[in-house]
Amino acid sequence: MRESNDLLRQIDADRGLATLLADSFEFNVRRKMADESPWLSSGLPLEGIAGDFTGGMFYLCGNVESSRPVVYASSEGDAGIIAADLREALALIIGLPYWRDVLKYSAGGDLSAMKLAADFLCRDMIANRPSIAAEKSWVAETLGIRLEPHSVLMARLHMAVKSAGSDFSFVDETGEYGGLFGQFSPSHNRSWQ
């Protein structure tokens with residue numbers, strides 16, 4: 001939809017914003033891999049819009065005229081819908097910058113495990129990056145995105161990942177990707193005990 005394109009243009013046009021999104025939130029609009037040709041089992045088109053530090057990619061799926069959910073595909077062969085549209089995805093990425101690890105330690109999609117992991121991850125992030133709260137506020141305000149409580153963001157993420165059916169199976173030249181819910185529980189991370 002038009003709003004997704006407007007948000008992407010705004011990020012692309014503001015070097016400071018694009019740099020902070022890339023460095024602090026792992027959403028790098030300059031790291032698009034146009035030479036890949038992944039697809040969804042439904043046949044809906046995918047448009048690569050950003051990459052992360054590890055080689056993962058963010059995609060808008062569907063036609064420009066329709067609502068375009070955001071699909072994330074990791075470099076480790078996991079993929080799925082993370083948000084209903086780009087604005088919702090950016091709210092997640094900014095408000096819960098460790099969302100990938102929340103999914104990794106979700107014990108197969110258990111929302112209570114996700115909440116416990118988020119508590120530990122939030123503590124670790126604040127200790128390692130004390131400026132994160134100010135960075136979140138600035139990016140959210142610049143993009144006109146409301147910062148939601150972690151519980152809202154996790155519930156939305158959980159629902160998006162859980163509700164994506166087989167039509168949203170992500171496939172590339174290496175084969176079909178697995179889902180985003182990791183099998184680890186927070187107890188598997190020894191530093192959190």
Undergrad: Taking atom types as modelled and ignoring hydrogens, do the side chains of Tyr72 and Asp78 form a donor-acceptor contact shorter than 3.5 angstrom?
TA: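 No pair is found: no donor N or O on one side chain lies under 3.5 Å from an acceptor on the other.
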Undergrad: Quick one: are Leu90 and Leu7 in side-chain contact, heavy atoms under 4.5 Å?
TA: yes
Undergrad: Taking the inter-plane angle between the rings of His150 and Tyr98 on a 0 to 90° scale, is it parallel (under 30°), tilted (30 to 60°) or perpendicular (over 60°)?
TA: perpendicular
Undergrad: Quick one: ring pair (Phe, Tyr, Trp, His ring centres under 6.0 Å) partners of Phe25, sequence neighbours excluded?
TA: none
Undergrad: So do the side chains of Arg68 and Leu86 get within less than 4.5 Å of each other, counting heavy atoms only?
TA: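 No, their side chains stay 4.5 Å or more apart.
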Undergrad: Mind checking ring pair (Phe, Tyr, Trp, His ring centres under 6.0 Å) for Phe168 and listing every partner two or more places apart, or none if nothing turns up?
TA: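 Not a single residue meets the ring pair (Phe, Tyr, Trp, His ring centres under 6.0 Å) criterion with Phe168.
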Undergrad: Look only at the side chain of Ser169 and the backbone of Ser41, and say whether a donor-acceptor pair between them is shorter than 3.5 Å.
TA: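 No, the answer is negative, given that no donor and acceptor are paired below the 3.5 Å cut-off.
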Undergrad: Do the side chains of Arg9 and Asp6 get close enough for a salt bridge, i.e. N-O under 4.0 angstrom?
TA: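 Looking at Arg9 and Asp6, the cut-off is met.
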Undergrad: Any side-chain heavy-atom pair from Pro97 and Met125 closer than 4.5 angstrom?
TA: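 A side-chain contact exists here, since the closest heavy-atom pair is under 4.5 Å.
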Undergrad: Below 6.0 angstrom between ring centroids: does that apply to Tyr59 and Phe170?
TA: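 Between Tyr59 and Phe170, the centre distance is under 6.0 Å.
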Undergrad: Taking the side chain as every heavy atom from C-beta outward, state whether Ile93 and Trp99 have any pair of such atoms under 4.5 Å apart.
TA: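 SC-SC contact between Ile93 and Trp99 confirmed.
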Undergrad: For Glu141, does the CD atom sit with more than 12 other heavy atoms under 6.0 Å from it, leaving out its own atoms?
TA: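 No, because the 6.0 Å sphere around CD of Glu141 holds 12 heavy atoms or fewer from other groups.
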Undergrad: Answer whether the closest heavy-atom distance between the side chains of Leu21 and Asn28 falls below 4.5 Å.
TA: no
Undergrad: Hey, are Arg129 and Ser24 close enough side-chain-wise for a donor-acceptor pair under 3.5 Å?
TA: yes
Undergrad: Please determine if Asp52 and Arg31 form a salt bridge, counting it only when a charged side-chain N lies under 4.0 Å from a carboxylate O.
TA: no
Undergrad: Is the shortest heavy-atom distance from the side chain of Lys104 to the side chain of Phe184 under 4.5 Å?
TA: yes
Undergrad: Would you please name every residue forming a salt bridge (Lys or Arg N to Asp or Glu O under 4.0 Å) with Arg30, sequence neighbours left out?
TA: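 None.
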